[in-house]
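First comes the structure, then the notes that go with it.
Chain identifiers are assigned alphabetically (A, B, ...) following the order of the sequence lines, protein sequences preceding nucleic acid strands; residue numbering begins at 1 within each chain. Note that this is a predicted model, so its numbers are computed, not measured.
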Amino acid sequence: MSDAEQSYLVKTISGQSRGAALGAWIGWLVRATGPLLGLLLLCLVLSLTTDSFLTVNNLLNVLDQATVLGIMAIGMTFVILIGGIDLSVGALLAVSTMVMGTLNANFGVPLPIAVLGGVTAAAIGGFANGVLVVRLGVPAFVATLAMMSIARGVANLITNGTQITGYPFWFSELSIIRYGGLLSATVALFILLALISGLILSYHSIGRKVYAIGGGAEVARLAGINVKKYTTMIYVLCGITAGIGGVVLATRLDSSEPSAGLGWELDVIAAVVIGGGSLSGGVGTIGGTVIGVLIIGVLRNGLNLIGISPFIQQIVIGAVIAVAVIIDQLRLRRG
Amino acid sequence: MTLRNRILAATAAFGLTMAAPVAQAQEDLTIGLALPSLTLDFFDQIRGAVTERAEELGVELIIVDANGDSARQVNQVQDLISRDIDALIYVPAGATAAAVPVRAAKRAEIPVVTLDRNPPNAPGDTFIASDSVAGARGIGEYLVEVTGGEAKVAILQGQIGTTPEVARDKGLMEAFANHPGMEIVAQQPANWLQDEGFNIAQDMLQAHPDITVFVGRSDAPAMGAAQAIRVANVDHKIWVVGFDGLPVALEAVRDGSLDATATQQTVAMGRLALDSALDLIEGKELPAEQLMDVTLTTADNAQAFIDNHP
């Protein structure tokens, strides 16, 4: 934990909220500048190497493309902040999209209610994660690994492995039509969710408790924070964001498939970590995570635009993840 | 070089010069190739064939690989469109999700060649594929013949719902239709993968030791099954057939670990895809479907295909 954040915690706990807000702002700047510089540098290089990168349309494409990953990464940020991990998000995304699809296509449930059904199903998976971790003492890595397998099985079972199509026209328009020429409904949803959760983490007492749990669960418990309740709630939240991701993905693909989101948990975790989140907990911000998400999005987009061989793309992306974390580690050690 | 080979080479060269006028001034053209997964050899062969043809004609080719993820493929096609490609060669990663990239390209007025899989609700301007139904029927008829119409058949399916899976199932069932002795005792998706094919075949043999035929919906799971049979040390003949005619599978057929496969004209398909893309750019009308013949391949004719893959 950096000095800025420690002083932030101390101040907030002693109740000086205005100073805390300032401290939080400075803390965020210190933490986010590394990834932010990386993102800007990446954009600069891509703008120089290809004409098609720095266009309004392409940058909006990047936002579109990063939306599902971004929404999932919001929940993951909370989980990583309390020192946990959630490997089941990719599979919970699949459960959500399949439950929503089958409710709508096979049971005739109106789509808005089917959407709620899908997200609820993923939330239940998240709740089960929380119970396994908090009540039964299963390490988060193992608990969510088990859930990953269970949820993937459930997603496949719903239609016996086949895809679902036939969503109404307006549904896929949610991620196609750009209102005011800028934001599709799904991108707007991502921005809204990021803003709300960023504000909660920075200014609401819940945010302070989350950082406190991540800083040391035992200390937080002694300070009177109901660690078990918050931990469970955060795994539910992570399930919910994965579920919302499943809905957004369905609008984007105009269909639901049980293999959706296979392996995405790793992208989501990478986004949080590139954005300055620490897997040992207590360190990370929503702003950083959004930048991490954009770095992954811009990188994939840019490499496609340049026309780099798919095999080399995999190498470059791996190298960027490693470099981002190494820089962050060096910075933390110095600070 | 024998006289026969020289004639072949000359014919091939003639074919190239004949095909060359297809598009003039291709130097400025850029074509996007969106592939589902390069871990599957079939698509890597397609990549090789399209690349070779593009180099011959001096067309710029941008290749993206979705790694089996249809959401990523949507992103990639979006990127290709941003890149101002003149035509798209699109091999869908999913089955039904496949419509979105075609629609996106259409909105940008970019012609689309679909290959191997075609989105039913948004087909490409032309669709190039093997005649999988006929190919699978050929495999089925071969199996009926060699087993005398009495067999316990296990099927290693491809990814459920994809065009090749559906078509190959249809062809096989057509061949088995009048032969009630061809009994399907087990079927399970191996998702075109060799290691999944191995594991599933092993379990199938455990559950049904009397299996006499393994049908791999593609070569990779069939080769997995062949390995599982070797490991299981069974005491009766089990016929193993694949589909695709990948170079490794052709060698396996020649050497006897696979009994038969159906060889797709992978190289020809890749080349035709690029030529079709250029034709579409010029505004030529192409048939909605361009189906290529598939050849039943056994130990008798495998070597010819190994020497010169169609």
Is it the side chain or the backbone of A:Asp267 that comes within 4.5 Å of chain B heavy atoms, both, or neither?
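Just its side chain gets close to chain B.
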Interchain contact, A:Asp51 with chain B, by part (heavy-atom threshold 4.5 Å):
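No part of A:Asp51 comes within 4.5 Å of chain B.
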Checking B:Asp84 against chain A: side chain, backbone, both or neither under 4.5 Å from a heavy atom?
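For B:Asp84, there is no contact with chain A at all, as no heavy atom is under 4.5 Å.
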Under the side chain to side chain contact (heavy atoms under 4.5 Å, CB included) rule, collect the residues that match up with B:Asp44, sequence neighbours excluded.
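For B:Asp44 the side chain to side chain contact (heavy atoms under 4.5 Å, CB included) partners, ignoring immediate neighbours, are A:Phe311, B:Leu38, B:Arg47.
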Say you draw a straight line from [atom1] of [X] to [atom2] of [Y]; how long is it, rounded to the nearest 0.5 Å?
{"X": "A:Asn304", "Y": "B:Arg72", "atom1": "CG", "atom2": "CZ", "result": "9.5 Å"}
{"X": "B:Leu80", "Y": "A:Ser52", "atom1": "CG", "atom2": "OG", "result": "10.0 Å"}
{"X": "A:Leu305", "Y": "B:Gln76", "atom1": "CG", "atom2": "CD", "result": "11.5 Å"}
{"X": "A:Gln163", "Y": "B:Thr162", "atom1": "CD", "atom2": "OG1", "result": "8.0 Å"}
{"X": "B:Ser70", "Y": "A:Leu249", "atom1": "OG", "atom2": "CG", "result": "7.5 Å"}
{"X": "B:Asp79", "Y": "A:Asn301", "atom1": "CG", "atom2": "CG", "result": "4.0 Å"}

For the candidates B:Asp65, B:Val64, B:Asn75, which exhibits the highest count of non-hydrogen atom pairs separated by less than 4.5 Å from chain A?
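Result: the option with the highest number of such pairs is B:Asn75.
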Just so I understand: if I count every heavy-atom pair under 4.5 Å between each of B:Ala104, B:Ala71, B:Gly68 and chain A, which residue has the most?
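Heavy-atom pair counts peak at B:Ala71.
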Identify the heavy atoms of A:Ser259 and B:Gln159 that sit nearest to each other, and give their distance.
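Scanning both residues, the minimum pair turns out to be OG-NE2, 4.4 Å.
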Do A:Asn160 and B:Ile160 have side chains that get closer than 4.5 Å, going by heavy atoms?
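They are not in contact (no side-chain heavy atoms under 4.5 Å apart), so the answer is no.
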Is any side-chain heavy atom of B:Arg103 closer than 4.5 Å to one of A:Ile176?
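When only atoms from C-beta onward are counted, B:Arg103 and A:Ile176 do not touch, as no gap falls below 4.5 Å.
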Taking atom types as modelled, is there a side-chain donor on A:Thr165 or B:Asn121 under 3.5 Å from an acceptor on the other?
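Looking only at side-chain atoms, B:Asn121 and A:Thr165 do not form any donor-acceptor pair under 3.5 Å.
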